[in-house]
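A note on names: the letters A, B, ... follow the listed sequences, proteins ahead of strands, and every chain is numbered from 1. Both backbone and side-chain heavy atoms feed into the values below; hydrogens, waters and symmetry mates do not.
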Amino acid sequence: MIAGALLPRAFYRRPVEAVAMDLLGQRLVRDEVVLRITEVEAYGGPEDSASHARHGQTARNEVMWGPGGHAYLYLCYGLHWMLNISTGESGEAAAILIRAAEVEAGLDTVLGRRRVRASRDLLAGPGRVAQGLGLDRAFDGHPLFGPGGLELREGVRPDRVRALPRVGIGFAAAADRERPWRFLDPDASSLSAPRP
DNA sequence: CACAGGATCGTT
DNA sequence: ACGATCCTGTGT
């Protein structure tokens, strides 16, 4: 599998929703595993009541406040690690949650980590994506413009992009719940619930 | 120091 | 529909 060039730092230093749309079709690479990103969600700074940055800077969300292009890993419900990518300039909080992906290479490694049979749901959900890549707290703050470790490389952009409200943020203000910051490739086989 | 609840998943 | 499982953020 030939993965494309590493995405440069400048790719991440743009408004979070623009980077989020442009992440669709790009490739997450770790060793022999290559994933194609099919679904993401954008999260902003203190003005976004759905974001981890809504209460300002904390030890957990520190990476969101740094320069774009770094992995932000956090534990959800005490069980699942979530992979996010920071965006923007240092001092602005923003990150993109990777919600679904498809395996382009390294299927055996991914199956071993997930401990399930192959199906279109193998990496359909943010906890599944991080588990398939073998990520946890050790990757918090890891640069993605590499080379080495976890990388983001150029892939094939989808023909279409669909924008929908974000998932699992019932606690947020109405305006933020309705914000269409969930972006997905409607032609992809791997999409998280609720499927469009 | 205590406590409530969460950007989910897998099974029932 | 529900329980797992633990860390974070907030308040006292």
Side-chain angles (χ1 to χ4, degrees), chain A residues 12 15-17 19-21 23-24 28 35 37-66 68 70-88 92-103 110-142 144 150 162-185 189-196:
Chain A
Y12 306 98
V16 66
E17 68 272 33
V19 180
M21 281 185 284
L23 277 178
L24 297 176
L28 285 163
L35 305 186
I37 297 172
T38 60
E39 178 181 340
V40 300
E41 277 176 355
Y43 288 89
E47 75 290 349
D48 178 4
S49 69
S51 171
H52 281 178
R54 63 187 176 278
H55 298 302
Q57 187 168 357
T58 66
R60 178 177 64 162
N61 69 27
E62 181 183 325
V63 174
M64 289 185 75
W65 297 82
H70 296 259
Y72 166 38
L73 271 293
Y74 70 89
L75 190 61
C76 184
Y77 291 97
L79 296 169
H80 310 291
W81 288 99
M82 305 278 151
L83 169 62
N84 300 254
I85 297 174
S86 68
T87 69
E92 327 172 322
I96 298 157
L97 175 66
I98 309 301
R99 289 194 60 87
E102 293 168 341
V103 179
V110 173
L111 288 174
R113 290 173 175 149
R114 290 276 297 119
R115 292 187 217 123
V116 294
R117 308 282 181 88
S119 81
R120 71 175 183 172
D121 291 333
L122 182 63
L123 298 178
R128 293 163 175 169
V129 172
Q131 188 179 34
L133 284 167
L135 304 180
D136 60 20
R137 154 159 274 142
F139 283 80
D140 191 38
H142 186 93
L144 297 171
L150 181 64
R162 184 135 180 234
L164 296 166
R166 293 171 290 182
V167 177
I169 55 161
F171 57 85
D176 293 325
R177 286 197 307 253
E178 295 158 12
R179 197 187 290 214
W181 274 14
R182 178 191 183 199
F183 302 101
L184 55 86
D185 171 2
S189 58
S190 178
L191 294 170
S192 75
R195 297 175 77 91

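Within the nucleic acid shown, A:Arg115 has no heavy atom closer than 4.0 Å to any nucleic acid atom. Counting non-hydrogen atoms under 4.0 angstrom, A:Arg177 reaches nothing in the nucleic acid. The residue A:Leu97 sits close to a base: some heavy atom pair falls under 4.0 Å. Using a 4.0 Å heavy-atom distance criterion, A:Phe171 is classed as a sugar-phosphate-only contact.
Atom CH2 in A:Trp81 sits roughly 16 Å away from atom C1' in C:dA4 (whole-Å rounding). Across the protein-nucleic acid pair, A:Met82 atom CE and B:dG6 atom C1' stand 10 Å apart, rounded to whole Å. Nucleotide B:dG6 holds its C1' atom 12 Å from the OH atom of A:Tyr43, rounded to whole Å. Regarding A:Leu73, its CG atom lies at a distance of 21 Å from the P atom of B:dG6, rounded to whole Å. Atom CD in A:Gln131 sits about 12 Å away from atom C1' in B:dT8, given to the nearest Å. The separation between A:Arg179 atom CZ and B:dA7 atom P is 15 Å, rounded to whole Å. Summarising the geometry, the separation between NE2 on A:His52 and P on C:dT10 is reported as 12 Å, rounded to the nearest angstrom. In this structure, the CZ atom of A:Arg166 is 15 Å from the P atom of B:dG6, given to the nearest Å.
A sub-4.0 Å separation between OP1 or OP2 of C:dC7 and a side-chain N or O of A:Arg137 is absent. Of the side-chain N and O atoms in A:Arg60, one or more sit less than 4.0 angstrom from OP1 or OP2 of C:dG9. In this model, the phosphate group of C:dT10 is approached by a side-chain N or O of A:His55 to a distance below 4.0 Å at OP1 or OP2. One finds no side-chain N or O of A:Thr58 lying less than 4.0 angstrom from the OP1 or OP2 phosphate oxygen of C:dT8. Within the 4.0 Å cut-off from OP1 or OP2 of B:dG10, at least one side-chain nitrogen or oxygen of A:Arg128 is found. For A:Arg182, no side-chain nitrogen or oxygen approaches OP1 or OP2 of B:dA7 to under 4.0 Å.
Mapping A:Val116 and A:Ile169 onto DNA chain B via the closest heavy atom, the residue that lands nearer the 5' end is A:Ile169.
Ion pair A:Arg99/A:Glu41 flagged as a salt bridge, since at least one NZ, NE, NH1 or NH2 atom sits closer than 4.0 Å to an Asp/Glu carboxylate oxygen. Of the charged side-chain nitrogens involved, none lies within less than 4.0 Å of a carboxylate oxygen, so that A:Arg137 and A:Asp140 do not count as a salt-bridged pair.
A donor-acceptor pair is defined here as one N or O able to donate and one able to accept, closer than 3.5 Å; no such pair exists between the side chain of A:Asn84 and the backbone of A:Ala95. A:Arg128 places a side-chain N or O within 3.5 Å of a backbone atom of A:Ala124 that can act as its donor or acceptor partner.
The nucleotide whose nearest atom lies closest to any side-chain atom of A:His80 is, among B:dT8, B:dG10, B:dA7, B:dT8. You'll find that the side chain of A:Met64 is closest to B:dA7, out of B:dC9, B:dT8, B:dA7. Counting only heavy atoms from C-beta on, A:Leu75 has its side chain closest to C:dC7 among B:dA7, C:dC7, C:dG9. Checked against C:dA4, B:dG10, C:dC7, the side chain of A:Leu79 finds its nearest nucleotide in C:dA4.
In this structure, CZ in A:Arg177 is found 11.0 Å from CZ in A:Arg166, a value given to the nearest 0.5 Å.
Put simply, the residue from A:Leu133, A:Val116, A:Val129, A:Val103 that forms a side-chain contact (heavy atoms from CB on, under 4.5 Å) with A:Val110 is A:Val103.
Across all strands shown, B:dA7 forms no Watson-Crick or G-U wobble pair with both distances under 3.5 Å.
Interface remark: the A:Tyr77 side chain does not form any donor-acceptor pair with the C:dA4 base, using a distance-only criterion of under 3.5 Å.
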